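Keep in mind that the numbers below use all heavy atoms, side chains included, and drop hydrogens, waters and symmetry copies. Computed from a predicted model, the values in this text were never measured in an experiment. Note that ligands are numbered from 1 as they come in the structure, with each ligand's atoms numbered from 1 the same way.
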Amino acid sequence: MKRLAVLSGLLLAGAISLVIAKQQPATLEIQKVKDNLYVITGGGGNTAAFITQKGVVVVDTKLPNNGPGILEKIKSVTPKPVIMVINTHTHGDHVGSNQAFTGAVEFVAHENCKVSMEKMDAFKTEEGKKFLPGKTYKDKLSLLGGADKIDLYYFGRGHTGGDTFVVFPALKVMHSGDLFPTKGTPIMDTSNGGSGVEYPKTCYRTA
Ligand SMILES: [Zn+2]
C-alpha cells in the first residue's frame with residue numbers, strides 16, 4: 001500500500017510538472033524558410049511568419065504563454081505589425097497563444113476548427129471569444145493577393161475534422177499543420193473529428 005502511494009505521488013508529481021512545463025514560455029528560435037517566410041520553432045507546433053506588404057500573417061500560435069516570444073521573434077526580422085492569425089487546427093499547441101494577438105488582427109480557420117475551438121475553456125469566456133476565428137471557410141479560401149496571396153485548403157478529415165493546408169503560392173511552400181507533422185505515424189484525434197479511414201484520402205486530394 002505504501003509503495004503504491006509513493007508511485008501515485010510520483011505519477012502525480014510528473015503530471016503536475018508536465019502541466020507547469022506547458023504553461024512556461026518556451027525558448028523560441030526563428031529561421032528563414034524562403035524570402036519573406038519564416039518559421040518559429042519551440043513551444044508547440046511550428047509557427048509561420050509571412051511578412052506581407054500590409055503586415056505579418058502568423059500561422060499557429062503554439063502553447064499558452066508563448067505569444068510574447070512569438071512577437072519578439074517577429075520583431076527581430078520586421079517592424080510590421082501582425083494583421084492576421086491562421087490556425088491550422090484546434091489543438092492547444094496551435095491555438096494556445098491566440099490571446100496575445102490583440103488589436104486589428106483577423107483570425108482565420110476552417111469552419112469545423114472553429115466549432116472545436118468553441119468547446120475549449122480558453123475560448124468560452126467573453127474575453128476568449130475575441131480570439132476565435134472571425135473568418136471561416138468550407139473548401140478553399142484565398143487571402144490577400146499578388147505575391148502575398150495565401151490559399152487555404154480543406155481536403156477532408158485526418159488529424160482532426162478541421163485541418164487546413166496553408167499554401168504560399170509565390171514561394172511554393174505549404175504549412176501542413178499536424179496533418180504531416182513528421183514522417184512518423186499520423187495522430188488522429190477522433191474526439192475532434194479526426195479519422196483514420198479518411199486520412200489517406202485527405203492526403204491524396206492534395207496531389
Ligand atoms: Zn494537432
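Checking side-chain atoms of Thr202 against main-chain N and O of Gly158 turns up no donor-acceptor pair under 3.5 Å. Asn192 places no side-chain N or O within 3.5 Å of a backbone atom of Asp189 that could act as its donor or acceptor partner.
Ring orientation note: the planes of Phe155 and Phe165 are tilted relative to one another, at an angle of 30° to 60°.
For Asn46, there are no side-chain hydrogen bond (donor to acceptor under 3.5 Å, both in side chains) partners, not counting sequence neighbours.
Electrostatic pairing of Glu198 and Lys201 counts as a salt bridge here, judged by a charged N lying under 4.0 Å from a carboxylate O.
Residues Gln53 and Asp148 approach most closely at N-OD2, 2.9 Å, considering heavy atoms.
With a cut-off of 2.8 Å, the protein N/O/S atoms near the Zn ion (ligand 1) add up to 4.
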